Amino acid sequence: MQSKKFKTEIGGRELLVEIGKLAGQADGSVTVRYGDTVVLATCVVSDKPREGINYLPLMVNYEEKLYAAGKIKGSRFIKREGRPTDEAIITGRLIDRAIRPLFNSKIRNDIQIVITVLSFDGKNDPVLPGLIGASIAVLISGIPWNGPIAGVSVGQINSGDEQINKDWILNPANGDRKNSLLNFVVVGNKTKTNSSSRNKEANNFDVKINMIDGEAKEISEKIILETLEWTGQYIKKLIDFQEEIIKELQPKKMELEIPEPDAKILKEVKDFVDDKLERGLYQSEKIDSVSEKPWRRTERMTEVNKLRQDLGDFIDSKYDGDEEKIQQAYDIFEQEIDKIVHKNVLEKEKRPDGRKLDEVREISCEVGLLPRTHGSGLFNRGNTQALSVVTLGSPRAEQLLDQMELEGKKRFMHHYNFPPFSVGEAGPMRGPGRREIGHGNLAEKALVSLIPDEEKFSYTIRIVSEILSSNGSSSMASVCGSTLALLDAGVPIKANAAGIAMGLILDADENKHKILTDIQGPEDHYGDMDLKVAGTRKGITAIQMDVKVNGLSFEILEEALADAKKAREKILDKMETVIKTPRAELSIYAPRVYTVHIDPKKIGTVIGPGGKMINKIIDETGAEIDIEEDGTIFITSPGKSETEGKQVDGAQKAIDWINNLTREVKVGEIFQGKVSKVTSFGAFIELLPGQDGLLHISELLPKDKK
């Protein structure tokens, strides 16, 4: 096939799409160039459906290659790229979340989308061409899909007044993001219905948003919504561009086998569950006492799971163990739950656990649980429980970044663990997967803008959130638990943060909807939106949205953000009854970090030939010493020693040593020093380390001899 090229302009830069040049055996293959960043996106679908599964087998892989940025891996022994970096995993998840809702969920053919970064110019984020490439690759593959989609990134210049600032930046260069008030990736598609008069008059476009991912520096809901609306015009432009490509290429649509339930099985399942399914779903979510039954088991979970098992046994016995018919029955069972949840919320505002639509589950908090950690916080919301633990370290404990896009150091880290027992299951304990990395990153985004600057608090900070029980947003529980832990550790954060997960129930015609606050259980699984919003009383610090429908209007988003703010403030009220401000003192087990500023020209004096001097200071004082290029020196002493029972502090000795090495001797000062050399005209006295003074022989004679 002869390659074809298509061009458009977005954000003042050319976007070039080339089809038919690379990866010709893939069902869909496209190269996208933006600036000097180039990605290859491919899509392949299996010939036959996979048997024995009840989900869409879609895989989205995002591959970073160090050669794209002209780099060789820093490790001396391993030069090949290995496990994907956290950033690559998060980007892959982002593209997956945008594309997945537009597939028919009944497809059982394996679909794999691979986005490979071939060239990276250090400025243009590969996410944009990756999203466009993935969309076009699926479209030209012929796989049934309700695309295209398009995404843009957006930043906002810090003009000093975020409430009136409208200086948005489309697809900001990597370096411009550091000083931006917000950094969002927004993805949308064209809606088949008319936009509201407000949106149509303001922007003259017809777009729905189906994925949001980003962080902000306490930005108000009003500005966030205006930002999302502003991106719509560019999303529409990129969708129109893709539609022109498809119109010219006219790819042939595949006919995939979509399993439909047998009418007889459908009737048998409905007759079997009757009204028992609804009764089982609408049980109290209260926690039972340990003496009655395991506290993790709610009545609703027990009743629904038992009914599902009974249904399987019924179909098994009637059809002599026919696995296909059993799976059909289970699929119909799930569809019936979906219908019941939608119907009761839309018609009666009735939730499975009996709460009001805007009601947050019961919350309890605790701090200082763990005696030897630097800070700990326990956050409970309903049956979701997050234990967050803070560890403080010296500046040298920073994470070194050596990735395709990222270089430098990272002094704040948030990690998230989700063991199988948190959902009452037995399973293998492996390292963090895509979900754990994504949830940890979301909580990190929510908190990073609140961490004090290094000049004010020079510690490296690591938080680990252990999810001990999960039924509802555990990532937002991690934000709450980690805020408590930071306060308990004495970290002077700029404000307290909390997070909440919002849901949506939308009717089939998309004419009626209900917003749900603090979703869990069936509302999460069968609902149409998962909107996670974290922030302070002042504004939003992180937001992430996925949907199970084609997209959402700005009116729905506006309503959801307003309800999320109310819920966030209620949660903060509860948290602040336990702890409101950082503890005045750090834990006795935390290290102590002190800062000294010297003339950068004297750094060599502190280090000494071959590091001899600094190593001597470290050996004799026991302190850790980190020197920055600007002459800032961090001196760290360890925390309380178990054996000595007191704070081990060689820091002051190290500080005095460094000050003596670098200070200037002034006329009139008196010193008691060691004679380092004697000559015929006097003696040289060591006044300070590395600084000698001449004591002339005339000053050594008796006064009566002068």
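By convention here, the first residue in the shown sequence is residue 1. Note that the coordinates shown come from a computational prediction; the quantities given were computed from them, not determined experimentally.
Side-chain polar atoms of Tyr62 and Arg93 form no donor-acceptor pair below 3.5 angstrom. With no hydrogens or angles considered, no side-chain donor-acceptor pair links Glu87 and Asn441 at under 3.5 Å. Side-chain polar atoms of His415 and Glu436 form no donor-acceptor pair below 3.5 angstrom. Side-chain contact of Asn380 with Ser364: a donor-acceptor pair under 3.5 Å is present, judged by distance alone.
Salt-bridge formation is detected for the pair Asp353/Arg355: a Lys NZ or Arg NE/NH1/NH2 atom is positioned less than 4.0 Å from an Asp or Glu carboxylate oxygen. Of the charged side-chain nitrogens involved, at least one lies within less than 4.0 Å of a carboxylate oxygen, so that Arg351 and Glu523 count as a salt-bridged pair. In summary, Lys532 and Asp530 engage in a salt bridge, as defined by a charged side-chain N under 4.0 Å from a carboxylate O. With respect to Lys514 and Glu349, a salt bridge is recorded, a charged nitrogen being found less than 4.0 Å from a carboxylate O. At a threshold of 4.0 Å, the pair Glu336-Lys339 counts as salt-bridged, since one of the basic side-chain nitrogens sits closer than that to a carboxylate oxygen. Using a 4.0 Å cut-off between charged side-chain N and carboxylate O, Glu444 and Lys410 make a salt bridge. Salt bridge status for Asp518 with Arg381: present, with a side-chain N to carboxylate O gap under 4.0 Å. Of the charged side-chain nitrogens involved, at least one lies within less than 4.0 Å of a carboxylate oxygen, so that Glu221 and Arg568 count as a salt-bridged pair.
Applying the 6.0 Å contact sphere to CD of Glu569 captures more than 12 heavy atoms from other residues, nucleotides or ligands. For Lys350, the NZ atom is densely surrounded, since the number of other residues' heavy atoms within 6.0 Å is greater than 12.
Annotation: cation-pi geometry satisfied between Arg435 and Phe418 (NZ/CZ under 6.0 angstrom from ring centroid, within 45° of ring axis). The side-chain tip of Arg308 points at the ring of Tyr330 from less than 6.0 angstrom away and within 45° of straight on.
None of Ile212, Asp213, Val187 except one satisfies the side chain to side chain contact (heavy atoms under 4.5 Å, CB included) rule with Arg97; the exception is Asp213. Residue Ile500 forms a side chain to side chain contact (heavy atoms under 4.5 Å, CB included) with just one option from Leu531, Val479, Ile571, and that option is Ile571.
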Next on the checklist: For Ser478 and His414: C-alpha separation, side-chain torsions, deciding distance, then whether side chain to side chain donor-acceptor pair (under 3.5 Å) applies.
Outcome noted: CA-CA 9 Å; Ser478 296; His414 184 281; 4.9 Å; no
Next on the checklist: For a side chain to side chain donor-acceptor pair (under 3.5 Å) check, start with the C-alpha distance between Asn383 and Gln520, then their side-chain angles and the critical distance, and finish with the verdict.
Outcome noted: CA-CA 9 Å; Asn383 283 345; Gln520 48 93 44; over 6 Å; no
Checklist entry - What's the verdict on side chain to side chain donor-acceptor pair (under 3.5 Å) for Glu215 and Asn183, showing C-alpha distance, side-chain angles and the deciding distance? => result CA-CA 6 Å; Glu215 58 187 310; Asn183 289 294; 4.9 Å; no
Next on the checklist: Between Asp528 and His342, does the side chain to side chain donor-acceptor pair (under 3.5 Å) criterion hold? Intermediate values first, please.
Outcome noted: CA-CA 9 Å; Asp528 298 313; His342 275 70; 2.9 Å; yes
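Remark: the backbone N or O of Gly155 is not paired with any side-chain donor or acceptor of Ser180 at under 3.5 angstrom. Between the side chain of Ser469 and the main chain of Gln385, no donor-acceptor pair closer than 3.5 Å is present.
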